[in-house]
Amino acid sequence: DIQMTQSPSSLSASVGDRVTITCRASRTISTYLNWYQHKPGKVPNLLIYAASSLQSGVPSRFSGSGSGTDFTLSISSLQPEDFATYYCQQSYSNPLTFGGGTKVEI
Amino acid sequence: EVQLVESGGGLVQPGRSLRLSCVASGFTFEDYAMHWVRQAPGKGLEWVSGISWNSGSIAYADSVKGRFTISRDNAKKSLYLQVNSLRGEDTALYHCAKSSVGYTSSPAEYWGQGTLVTVSS
């Protein structure tokens, strides 16, 4: 199985900050990498698919990059509604696997 | 509007079974793969199982292989997860999720609110 490792596991940031989260796969997954945002009491929301494609309706301050084993999710200017936990997920091969999550706090 | 409504969760003793269901609406169910994803209390997301549009491809997480069985009924627009030999570590909120395409190796673009499974004696 492909292991996904996210860093950091948590971070503190302020409104307006640029935030970067990294995700590393245990072996190459091309660009089969997805990012989700999860807020308490809500269902997870797909932000980015195929490493860098923005899901419909997601603000353009979110962006993704990377290929192979190393990926990043960036938020260009953090907004109050962005405080949440973010997960990467590989969809290169079954079983699909998630990273451990990155909690973005104020 | 895509809607996914799960049911079937509850409090169950270790070793017992449950059948989780998910009814879909708002999209052509038979065209898309579906997933089950769970989140244990205080833990992260864990992909549990996926099934392709025609049930031709099915996959499971190692943690549930041999105990859980995913299935679908396209005529009823329904997804199922038979969960057997339940353990304490299976306690979680179970979400069904719609894939973006027909095969299982794909992201989950819509999620249901989930059904809670609690395994305890």
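These figures come from a predicted structure and were not determined experimentally. Below, chains carry the letters A, B, ... as their sequence lines are ordered, and counting in each starts from 1.
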*asked:* Within this structure, what is the CH2-NZ distance for the pair B/Trp111 and A/Lys42, rounded to the nearest 0.5 Å?
replied: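 One finds 16.0 Å between CH2 of B/Trp111 and NZ of A/Lys42.
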_Would you compute the distance between atom OG of B/Ser106 and atom OH of A/Tyr49 and round it to the nearest 0.5 angstrom?_
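That separation rounds to 12.5 Å.
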Measuring only between side-chain heavy atoms, which start at C-beta, is [X] closer than 4.5 Å to [Y]?
| X | Y | result |
| --- | --- | --- |
| B/Ser105 | A/Tyr92 | no |
| B/Glu46 | A/Phe98 | no |
| A/Gln89 | B/Leu45 | no |
| A/Asn94 | B/Trp47 | yes |

Pick one of side chain, backbone, both or neither for [X], based on which atoms fall under 4.5 Å of a heavy atom in chain A.
| X | result |
| --- | --- |
| B/Gln39 | side chain |
| B/Thr104 | both |
| B/Val48 | neither |
| B/Lys43 | backbone |

*asked:* If you count heavy-atom pairs within less than 4.5 Å of chain A, which of B/Pro107, B/Ala61, B/Ala59 leads?
replied: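 Going by pairs under 4.5 Å, I would pick B/Pro107.
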*Given the options A/Pro44, A/Gly100, A/Pro95, A/Gly101, which has more heavy-atom pairs under 4.5 Å with chain B than any of the others?*
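The residue among A/Pro44, A/Gly100, A/Pro95, A/Gly101 with the greatest pair count is A/Pro44.
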_Minimum-distance pair of heavy atoms, taken over all atoms of B/His35 and A/Leu96_ =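 Minimum heavy-atom contact is CE1-CD1, 3.6 Å.
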*Non-hydrogen atoms of chain B under 4.5 Å away: do they reach the side chain of A/Thr85, the backbone, both or neither?*
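Neither part.
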